[in-house]
Each structure stands twice: as structure tokens, then as C-alpha cells.
S.K.: 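Here it is: the structure, laid out below.
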Amino acid sequence: MRGQLALAVGHQARIAAAVLRDEYARPLPRAADGPLVTVVMAAYNRAEVLRYALASAIGQSYRNTEVLVIGDACTDESEAVVAATAAGDERVRWTNLPTNTGSQVGPNQAGLEAARGELIAYLGQDDLWRRDHLALLVADLDRSGAGATSTVTSQIWPRPVPTRRLLSPAPGEFIPTSSMMHTRAAGLAAGGWRDHRKTVRPPDLDFQTRLAESGSTFSRVRALGVVKFASAQRPGSYRDPSAREQAAAARRIDRRSFVAREVATAAALAPLRRWYGSPPPIDPAKAATPGGVIAEFRRIRGLDPGGEAR
């Protein structure tokens with residue numbers, strides 16, 4: 001056990017050191033006919049958290065973008081929030097799917113198909129980007145020639161446990177979707193996002209696996225780009241309309257002191273994740289059936305496992 005704890009602490013410390021060096025160049029926006037980057041945001045009935053996620057996408061230092069906010073048949077005020085947050089920014093487009101698809105797969109696939117950009121990035125409605133997230137990814141794909149890349153994610157578990165986990169996946173490891181960018185060509189070659197009811201794998205892992213199987217290479221940026229508040233780690237999250245965590249983080253996310261605190265907390269608490277940092281349990285038998293993982297995540301979020309839910 002001591003050896004496992006030492007490895008966990010060492011892994012987090014290595015990521016933390018890389019994040020604090022933060023040596024990657026920030027490119028200026030590239031002149032092009034149409035956007036170079038398409039940002040795809042899947043949304044479903046959490047308008048208040050969507051407000052903060054969208055603001056972090058609009059406020060990126062890299063601005064040669066379009067932002068496609070795709071509602072999964074939203075019935076709340078998400079459209080009005082998008083209009084108010086974008087405030088006439090012509091880069092932002094809202095689309096609401098006519099039928100709920102039950103996961104991020106439907107909006108993500110619709111965004112991939114509608115994208116004008118050569119590069120595709122995703123931002124979950126719960127999550128926030130630091131200001132240079134897109135700039136770092138664009139620079140890394142240009143430098144590496146890879147088909148996909150990602151920045152470091154600070155994954156925050158809910159209170160009362162103040163656990164942080166820094167994720168900087170190596171090739172072959174799972175990448176949080178909000179930290180990933182891939183070329184549009186690579187996404188299409190992989191067959192796009194597959195209906196979650198046709199696979200036992202989570203849809204994001206399924207997509208990334210098929211990216212690799214279709215020949216895409218993966219790079220990564222060792223700098224903090226994303227703060228993630230996964231709804232599936234927050235039981236009943238879809239019954240809580242507030243955005244307290246996002247609001248608090250949004251005020252500080254681009255400060256150097258915020259980065260230092262995140263990496264220090266993540267490294268210090270790494271040994272505790274074994275006991276306190278696990279997500280709510282899911283039924284392994286149900287999760288082993290096609291679509292079962294998403295059904296279990298719906299249940300945790302406080303939504304009908306078999307009905308219209310994300």
C-alpha cells in the first residue's frame with residue numbers, strides 16, 4: 001500500500017511540476033476564411049452552469065473560433081442564457097435538437113457534422129476553461145502534427161471532501177472530453193460519436209478508442225487548461241439549479257495563485273483518493289449492458305434512467 005501511495009503522490013507531483021512550468025507558447029489568432037476551431041458544447045437543462053461554461057469559451061485568448069451550443073432538446077431557459085451570455089457575439093450559435101438523445105453523444109455528433117473548423121474542441125456545460133486553453137491546444141497540434149491533444153484537467157470532487165485530481169493522460173489513457181481537441185478529419189475517420197446504446201463503453205471513451213483505432217496519434221500539453229465539475233460525481237446534480245462551484249472558480253480561474261493552489265492541493269490529497277475520491281457507485285451488472293453506464297449516470301444525477309436524461 002505504501003508503494004501505491006508513493007506512486008500516486010509522485011505522479012501528481014510530476015504533473016504539478018509540469019503545470020507550474022507552463023512553458024508552452026501562446027499563438028496569436030490565425031487569419032483564415034472561416035474559423036479554425038469549432039467549439040462544441042452539449043447542453044441539457046442546466047442553464048445556470050451553462051452560463052459560466054459559455055463565458056469561459058467566449059473569453060478565450062484564441063479567437064479564430066465558432067462556438068456551437070447544442071441543446072439536447074432542452075426545455076429550460078438555456079437558449080435565453082446563451083443569447084444573453086453571447087451578447088451578440090457572432091461566433092456563437094444555438095441549436096436545440098428536436099428529440100432528446102440521452103447523452104452528450106447526440107449534441108457532440110451534431111456539432112461535429114456542422115463544424116466549419118479544421119479543429120474540434122469540446123466543453124461540457126459543467127466545466128470551465130482557463131483563458132489560454134484553446135491557444136495551447138492549437139499550438140500543440142501545429143507543433144506535433146498529432147490527430148488529438150489535451151491540456152491538464154483539475155477534476156474537483158464535491159464537498160465535504162476537497163479532493164483535486166490532476167489528469168494529464170498519456171496516449172491510450174482516458175481523456176476528459178472538456179480537455180480534448182482533435183482534427184475534424186480524425187473525428188470523421190473514426191466514425192464520429194456513436195449512440196451510447198450501442199456500446200457498453202462510456203461514449204467519450206468509445207469515441208477516443210475509435211480515434212486511436214482509426215490511426216490518430218495523441219499528444220498532450222502539460223499546462224492546466226480545464227477545471228472539471230463532473231455531474232455524475234454529484235448525486236442529484238440535475239435537481240440543483242445553482243452554479244455555486246462554477247461561479248466561485250470563474251472568479252479566480254486565470255490567476256496564477258489559483259493554478260498553484262490547484263496543483264498543490266491535488267498533489268497533497270493524492271493518497272486520499274483511494275478512500276474519499278471515488279465517484280458514487282454504479283451497478284456493475286447494469287453498466288455491463290449496452291447503454292448501461294449512461295443509465296447509471298442518469299440515476300446518480302437524479303434523472304430517470306430510462307427516460308429523457310443526460
S.K.: For a 4.5 angstrom cut-off between non-hydrogen side-chain atoms, does Leu54 reach Val67?
M.R.: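 Yes, side chains in contact.
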
S.K.: Are Phe174 and Leu167 side-chain neighbours, meaning at least one heavy-atom pair lies under 4.5 Å?
M.R.: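 A side-chain contact is absent here, since even the closest heavy-atom pair is not under 4.5 Å.
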
S.K.: Any donor-acceptor pair under 3.5 Å linking the side-chain atoms of Ser78 with those of Asn45?
M.R.: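 No.
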
S.K.: Is there a side-chain contact between Phe229 and Gln246 in this structure, where contact means two heavy atoms from C-beta onward sitting under 4.5 Å apart?
M.R.: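 They are in contact (side-chain heavy atoms under 4.5 Å apart), so the answer is yes.
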
S.K.: Would a single hydrophobic cluster contain both Val226 and Leu123, if residues Ile, Leu, Val, Met, Phe, Trp and Tyr are joined by side-chain heavy-atom contacts under 4.5 Å?
M.R.: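 Yes, Leu123 connects to Val226 through the hydrophobic network.
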
S.K.: Main chain of Ala47, side chain of Asp76: is a donor-acceptor contact present, judged purely on distance under 3.5 Å?
M.R.: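 Yes, Asp76 side chain to Ala47 backbone: donor-acceptor pair under 3.5 Å.
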
S.K.: Any luck finding a side-chain donor-acceptor pair between Arg220 and Ser150 under 3.5 Å?
M.R.: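 No.
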
S.K.: Would you tell me whether Arg116 and Thr38 have side-chain atoms, one donor and one acceptor, within less than 3.5 Å of each other?
M.R.: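 No, no side-chain donor-acceptor contact under 3.5 Å.
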
S.K.: Could you see if Trp94 belongs to whatever hydrophobic cluster contains Val49? Use Ile, Leu, Val, Met, Phe, Trp, Tyr and a side-chain cutoff under 4.5 Å.
M.R.: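 Result: no, two separate clusters.
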
S.K.: Quick one: pull up OG1 in Thr153 and CD in Glu262 and give me the separation to the nearest 0.5 Å.
M.R.: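 So the OG1 of Thr153 and the CD of Glu262 are separated by 11.5 Å.
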
S.K.: How close do Ala42 and Pro107 get, heavy atom to heavy atom, and via which atoms?
M.R.: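 The answer is CB-CB, 3.5 Å.
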
S.K.: So Val39 and Leu134, side chain to side chain contact (heavy atoms under 4.5 Å, CB included) or not? Walk me through it.
M.R.: CA-CA 9 Å; Val39 176; Leu134 290 181; 3.9 Å; yes

S.K.: Would a distance-only check, ignoring hydrogens and angles, find a side-chain to backbone donor-acceptor pair under 3.5 Å from Thr149 to Leu137?
M.R.: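 Pair absent, no side-chain N/O of Thr149 close to backbone of Leu137.
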
S.K.: Testing the basics here: between Asn96 and Asp72, what is the closest heavy-atom pair and its distance to 0.1 Å?
M.R.: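 Taking Asn96 first and Asp72 second, the nearest heavy atoms are OD1-N, 4.0 Å.
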
S.K.: Within the distance-only criterion (no hydrogens, no angle test), does the side chain of Trp193 pair as donor or acceptor with the backbone N or O of Gln104 below 3.5 angstrom?
M.R.: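 No; zero donor-acceptor contacts below 3.5 Å.
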
S.K.: Only one of Ile120, Thr65, Leu141, Asn64 forms a side chain to side chain contact (heavy atoms under 4.5 Å, CB included) with Val37, so which one is it?
M.R.: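 For Val37, the side chain to side chain contact (heavy atoms under 4.5 Å, CB included) check succeeds only for Thr65.
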
S.K.: Go through the steps to decide whether Gln109 and Thr101 satisfy the test side chain to side chain contact (heavy atoms under 4.5 Å, CB included), and finish with yes or no.
M.R.: CA-CA 11 Å; Gln109 180 62 20; Thr101 65; over 6 Å; no

S.K.: Could you report the tightest heavy-atom contact between Glu173 and Gln208, atom names first, then the distance?
M.R.: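 Answer, listing the atom of Glu173 first, then Gln208: O-OE1, 4.2 Å.
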
S.K.: Supply the atom-to-atom distance Leu224 CG to Arg130 CZ, rounded to the nearest 0.5 angstrom.
M.R.: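 Output value for this atom pair is 5.5 Å.
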
S.K.: To the nearest 0.5 Å, what is the distance between OG1 (Thr151) and CZ (Arg222)?
M.R.: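 Interatomic distance, Thr151 OG1 to Arg222 CZ, rounded to 0.5 Å: 11.5 Å.
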
S.K.: Walk me through whether Val69 and Thr95 qualify under side chain to side chain contact (heavy atoms under 4.5 Å, CB included).
M.R.: CA-CA 6 Å; Val69 187; Thr95 302; over 6 Å; no

S.K.: What closest approach, in Å, do Pro35 and Glu66 show between heavy atoms, and which atom pair accounts for it?
M.R.: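 Looking at all heavy atoms of both residues, the closest pair is CB-N, 3.6 Å.
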
S.K.: Checking side chain to side chain contact (heavy atoms under 4.5 Å, CB included) for the pair Met180/Phe207: CA distance, chi angles, key distance, verdict?
M.R.: CA-CA 12 Å; Met180 181 175 66; Phe207 178 65; 3.9 Å; yes

S.K.: At what distance, to the nearest 0.5 angstrom, does CG of Asn108 lie from CG of Asp204?
M.R.: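 The CG atom of Asp204 is 9.0 Å from CG of Asn108, to the nearest 0.5 Å.
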
S.K.: Using only heavy-atom distances, determine whether the side chains of Ser242 and Arg244 contain a donor-acceptor pair under 3.5 Å.
M.R.: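 The answer is yes; a qualifying pair exists.
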
S.K.: I'd like to know if the side chain of Gln155 and the backbone of Pro176 have a donor-acceptor N/O pair within less than 3.5 Å.
M.R.: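 Not a single qualifying donor-acceptor pair exists.
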
S.K.: Once rounded to the nearest 0.5 Å, what's the spacing between atom CG of Leu136 and atom OG of Ser179?
M.R.: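 The OG atom of Ser179 is 12.0 Å from CG of Leu136, to the nearest 0.5 Å.
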
S.K.: To the nearest 0.5 Å, tell me how far Asp142 CG sits from Ser219 OG.
M.R.: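 Between Asp142 CG and Ser219 OG, I get 11.5 Å after rounding to 0.5 Å.
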
S.K.: Is any side-chain N of the basic residue among Asp126 and Arg46 closer than 4.0 Å to the acidic one's carboxylate O?
M.R.: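 Answer for the salt bridge query: yes.
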
S.K.: When you measure from the side chain of Arg91 to the backbone of Ile58, do you find a donor-acceptor pair of N or O atoms at a distance under 3.5 Å?
M.R.: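 Confirmed, Arg91 side chain pairs with Ile58 backbone.
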
S.K.: Can you tell me if CZ on Arg261 sees more than 12 non-hydrogen neighbours from other groups inside 6.0 Å?
M.R.: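 More than 12 heavy atoms, drawn from other residues, nucleotides or ligands, come within 6.0 Å of this atom.
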
S.K.: Check Gly191 against Arg210 and note the closest heavy-atom contact, atom names and distance.
M.R.: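 Smallest interatomic distance, heavy atoms only, reads C-NH1, 3.9 Å.
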
S.K.: Using modelled atom types and a 3.5 Å cut-off, is there a donor and acceptor pairing between side-chain atoms of Thr85 and backbone atoms of Val81?
M.R.: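 It does hold such a pair.
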
S.K.: On a heavy-atom basis, which atom in Ala121 and which in Trp129 lie closest, and how many Å separate them?
M.R.: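 For Ala121 and Trp129, the tightest heavy-atom pair comes out as CB-CH2, 4.1 Å.
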
S.K.: Using the rule that Ile, Leu, Val, Met, Phe, Trp and Tyr join whenever any side-chain heavy atoms are under 4.5 Å apart, tell me whether Leu188 and Val105 fall into a single cluster.
M.R.: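 Same cluster.
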
S.K.: Could you check whether any side-chain N or O of Gln125 sits under 3.5 Å from a backbone N or O of Tyr44, counting only pairs where one atom can act as donor and the other as acceptor?
M.R.: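 Indeed, once roles are kept as given, a pair shorter than 3.5 Å links the two residues.
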
S.K.: Assess whether a salt bridge exists between Asp254 and Arg131, defined as any Lys/Arg side-chain N lying under 4.0 Å from an Asp/Glu carboxylate O.
M.R.: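 Judged by the 4.0 Å cut-off on N to carboxylate O distance, Asp254 and Arg131 do not form a salt bridge.
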
